[in-house]
Colleague: 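Structure incoming, see below.
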Amino acid sequence: MDRLIIGNWKMNGLSNSLEEIASLNHMIGEMGEIECYVVICPPATLIRPSCRLGGAHVHIGGQNCHSEQSGAHTGDISAEMLKDAGAGYVIVGHSERRADCGENDAIVNAKAKAALDAGIIPVICVGESEAERKSGKAIDIVLSQVRASIPDISPDAKIVVAYEPVWAIGTGLVPSLQDIGEMHSAIRQELVKKFGEMGDTIPLLYGGSMKPSNAEEILAVANVNGGLVGGASLKADDFITIIKAAA
Ligand code: PGA
């Protein structure tokens, strides 16, 4: 499968950041045919203009959606609204939302289902905390998140799963390549158990302090099909290096 590199801008970016998306589109265009699909998830306020400036090479996603498509939920955004604004993907269950907004696996599952119902691809995030890693139970914990956060899907539905150890996000810390490999292989087996052959076709991304200097070695690990990149996706010059490592 083609590599998938997704940039998560989090709560960063004003109108003047849109030039990063335009230059990214230009830089990827100059690379010619590549086996890498690139998505940026800007803040919701920038989705519509990003879709225009992303051109042919940068696809756009949201960072969160509600589990319902409309209703009395002040301040929330639905998957249908994201789709209407031009987004093709939405991140659900990011650990920052699990921590800041109390989102549990059941809520994440419902959000993923809402994304599929609206016709956009959910990027379902899982990952252990530092204490959970230290307890030696990281794999068990992540697999239970995988089981509970991923909805039952029809054979033609598309989803993405992102493994992001919470302690690696924004810290500069990264698990060893062996730990990444063990976790990704365990998640892959769980996906195959749940979905049969289709489980082999679900892109499985690594996220957490992926940057130009480590992207190539992480992307070479078995069952790592791409990356979910925070800080290093904000500047086109950094992000393009990761895309080149993937492509
Ligand atoms: P980071 O964030 O690359 O800045 O560690 C990754 C993420 O939270 O998706």
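One is the number of the first residue; the rest follow in order along the sequence.
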Colleague: Taking side chain to side chain donor-acceptor pair (under 3.5 Å) as the cut-off, I'd like each qualifying pair that reaches into residues 195-218, sequence neighbours left out, listed once.
Modeller: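 Residue pairs with at least one partner in residues 195-218: there are none.
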
Colleague: Between the side chain of Arg98 and the main-chain N/O of Asn104, is any donor-acceptor distance below 3.5 Å?
Modeller: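 Answer holds: no.
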
Colleague: Less than 4.5 Å apart, any side-chain heavy atom of Val126 and any of Glu164?
Modeller: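 Val126 vs Glu164: side chains apart.
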
Colleague: Do Val224 and Val192 belong to the same hydrophobic cluster, where Ile, Leu, Val, Met, Phe, Trp and Tyr are linked whenever their side-chain heavy atoms lie under 4.5 Å apart, directly or via other members?
Modeller: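 No, Val224 does not connect to Val192 through the hydrophobic network.
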
Colleague: Of all the heavy-atom pairs spanning Ile202 and Val161, show the shortest one and how long it is.
Modeller: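 Residues Ile202 and Val161, closest heavy atoms: CG2-CG2, 4.0 Å.
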
Colleague: Is a side-chain N or O of Glu35 found less than 3.5 angstrom from the main chain of Ala247, in a donor-acceptor match?
Modeller: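 Absent.
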
Colleague: Which residues pass the ring pair (Phe, Tyr, Trp, His ring centres under 6.0 Å) test with His57, sequence neighbours left out?
Modeller: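 Partners of His57 under the ring pair (Phe, Tyr, Trp, His ring centres under 6.0 Å) test: none.
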
Colleague: Taking Glu20 for its side chain and Ala236 for its backbone only, find out whether a donor-acceptor pair lies under 3.5 Å.
Modeller: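 It does hold such a pair.
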
Colleague: Does a salt bridge link Glu96 with Lys10, judged by any charged N lying under 4.0 Å from a carboxylate O?
Modeller: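 A salt bridge links Glu96 with Lys10.
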
Colleague: Give a yes or no on this: more than 12 heavy atoms of other residues, nucleotides or ligands lie within 6.0 Å of atom CG of Asp152.
Modeller: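 No.
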
Colleague: Spell out, as yes or no, whether a donor-acceptor pair under 3.5 Å connects the side chain of Lys194 to the backbone of Ile150.
Modeller: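 Indeed, once roles are kept as given, a pair shorter than 3.5 Å links the two residues.
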
Colleague: Between Lys137 and Glu132, does any NZ, NE, NH1 or NH2 come within less than 4.0 Å of an OD or OE carboxylate oxygen?
Modeller: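 Answer for the salt bridge query: no.
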
Colleague: Return the minimal non-hydrogen interatomic distance between Pro122 and Val92, and the atom names on each side.
Modeller: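 What the structure gives for the nearest pair is CB-CG2, 4.3 Å.
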
Colleague: To which residues is Leu205 joined in a hydrophobic cluster, defined by side-chain heavy-atom contacts under 4.5 Å among Ile, Leu, Val, Met, Phe, Trp and Tyr, whether direct or through other members?
Modeller: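 Result for Leu205 is Leu4, Ile6, Tyr37, Val39, Tyr89, Ile91, Ile121, Val123, Val160, Leu228.
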
Colleague: Can any side-chain N or O of Gln69 pair as donor or acceptor with the backbone N or O of Ser78 at less than 3.5 Å?
Modeller: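 Looks like no, no N/O pair under 3.5 Å.
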
Colleague: Could you note down all residue pairs passing ring pair (Phe, Tyr, Trp, His ring centres under 6.0 Å) where residues 138-176 supplies at least one of them, sequence neighbours left out?
Modeller: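 Found Tyr163-His184.
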
Colleague: Run the numbers on Arg188 and Asn225 for side chain to side chain contact (heavy atoms under 4.5 Å, CB included), then give the verdict.
Modeller: CA-CA 11 Å; Arg188 176 66 69 207; Asn225 308 117; 2.7 Å; yes

Colleague: What heavy-atom pair brings Leu143 and Ala186 nearest, and what distance separates the two atoms?
Modeller: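 In this case the closest contact between Leu143 and Ala186 is CD2-O, 3.6 Å.
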
Colleague: To the nearest 0.5 angstrom, please state how far the CG atom of Leu53 sits from the OG atom of Ser17.
Modeller: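 If I round to the nearest 0.5 Å, the distance is 11.5 Å.
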
Colleague: What are the two closest heavy atoms between Asp105 and Ser149, and how far apart are they?
Modeller: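 Scanning both residues, the minimum pair turns out to be OD1-OG, 2.9 Å.
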
Colleague: If you measure from CG on Asn8 to SG on Cys125, what distance do you get to the nearest 0.5 Å?
Modeller: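 Here the interatomic distance stands at 7.5 Å.
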
Colleague: Once you round to the nearest 0.5 Å, how far does SG of Cys51 lie from NE2 of His59?
Modeller: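 Answer for the SG-NE2 pair, Cys51 versus His59, is 10.5 Å.
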
Colleague: For a quick check under 3.5 Å, do His94 and Glu103 share a side-chain donor-acceptor pair by atom type?
Modeller: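 Side chains of His94 and Glu103: no pair found under 3.5 Å.
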
Colleague: Should Leu204 and Ile139 be counted in the same cluster of Ile, Leu, Val, Met, Phe, Trp and Tyr side chains packed under 4.5 Å apart?
Modeller: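 Same cluster: Leu204 reaches Ile139 through Ile, Leu, Val, Met, Phe, Trp or Tyr contacts under 4.5 Å.
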
Colleague: Is there a path from Ile77 to Ile40 through hydrophobic residues (I, L, V, M, F, W, Y) whose side chains come within less than 4.5 Å of each other?
Modeller: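 As far as the 4.5 Å side-chain criterion goes, Ile40 and Ile77 are connected within one cluster.
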
Colleague: Using 0.5 Å steps for rounding, measure from the CG atom of Asp140 to the OG atom of Ser135.
Modeller: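 These two atoms lie 8.5 Å from each other.
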
Colleague: Are Ile169 and Ile124 linked, directly or through other ILVMFWY residues, by side chains that come within less than 4.5 angstrom of each other?
Modeller: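 In one cluster with Ile169: Ile124, no.
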
Colleague: Tell me, with the steps shown, if Lys111 and Asn64 meet side chain to side chain contact (heavy atoms under 4.5 Å, CB included).
Modeller: CA-CA 8 Å; Lys111 288 178 177 217; Asn64 171 51; 2.7 Å; yes

Colleague: CG of Leu82 to CZ of Arg48: how many Å apart, nearest 0.5 Å?
Modeller: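 Output value for this atom pair is 11.0 Å.
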
Colleague: Going by heavy atoms in the side chains, are Pro43 and Gln63 under 4.5 Å from each other?
Modeller: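 In contact.
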
Colleague: Salt bridge or not between Glu130 and Lys134? Use side-chain N to carboxylate O under 4.0 Å.
Modeller: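 Judged by the 4.0 Å cut-off on N to carboxylate O distance, Glu130 and Lys134 do form a salt bridge.
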
Colleague: For Leu46 and Pro42, which heavy atoms make the closest approach, and how far apart are they?
Modeller: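 Result for this residue pair: CB-CB, 4.0 Å.
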
Colleague: Hey, is the main chain of Ser233 close enough, under 3.5 Å, to the side chain of Trp9 for a donor-acceptor pair?
Modeller: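 Yes, Trp9 side chain to Ser233 backbone: donor-acceptor pair under 3.5 Å.
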
Colleague: If we ignore hydrogens and angles and just use 3.5 Å, is the side chain of Ser144 paired with the main-chain N or O of Ile141 as donor and acceptor?
Modeller: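 Side chain of Ser144 to backbone of Ile141: a pair is present.
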
Colleague: When you check the side-chain N and O atoms of Asn109 and Arg147, is any donor under 3.5 Å from an acceptor?
Modeller: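 Distance-only check fails for Asn109 and Arg147.
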
Colleague: Could you check whether atom NZ of Lys244 has more than 12 heavy atoms from other residues, nucleotides or ligands sitting under 6.0 Å from it?
Modeller: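 Check fails, neighbour count at 12 or below.
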
Colleague: Give, for atom CD1 of Ile242 and atom CZ of Arg3, the distance between the pair rounded to the nearest 0.5 Å.
Modeller: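 Here the rounded value is 12.5 Å.
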
Colleague: Do you reckon Val166 sits in the same ILVMFWY cluster as Met210, going by side-chain contacts under 4.5 Å, direct or chained?
Modeller: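 No; tracing contacts between hydrophobic side chains, which count when under 4.5 Å, never links both residues.
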
Colleague: State, to 0.1 Å, how close Ile28 and Val58 come at their nearest heavy-atom pair, and which atoms those are.
Modeller: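 Taking every non-hydrogen atom into account, CD1-CG2, 4.0 Å.
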
Colleague: Between Arg133 and Glu128, does at least one N-O distance fall below 4.0 Å, as a salt bridge requires?
Modeller: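 Salt bridge: yes.
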
Colleague: Got a sec, which residues hit side-chain contact (heavy atoms from CB on, under 4.5 Å) with Ala157, two or more places apart in sequence or on another chain?
Modeller: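 side-chain contact (heavy atoms from CB on, under 4.5 Å) list for Ala157, sorted by chain: Leu116, Ile153, Ser154.
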
Colleague: Tell me every residue that passes ring pair (Phe, Tyr, Trp, His ring centres under 6.0 Å) with His73, counting only those two or more places apart in sequence or in another chain.
Modeller: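 With sequence neighbours excluded, His73 shows a ring pair (Phe, Tyr, Trp, His ring centres under 6.0 Å) to His66, given in chain and number order.
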
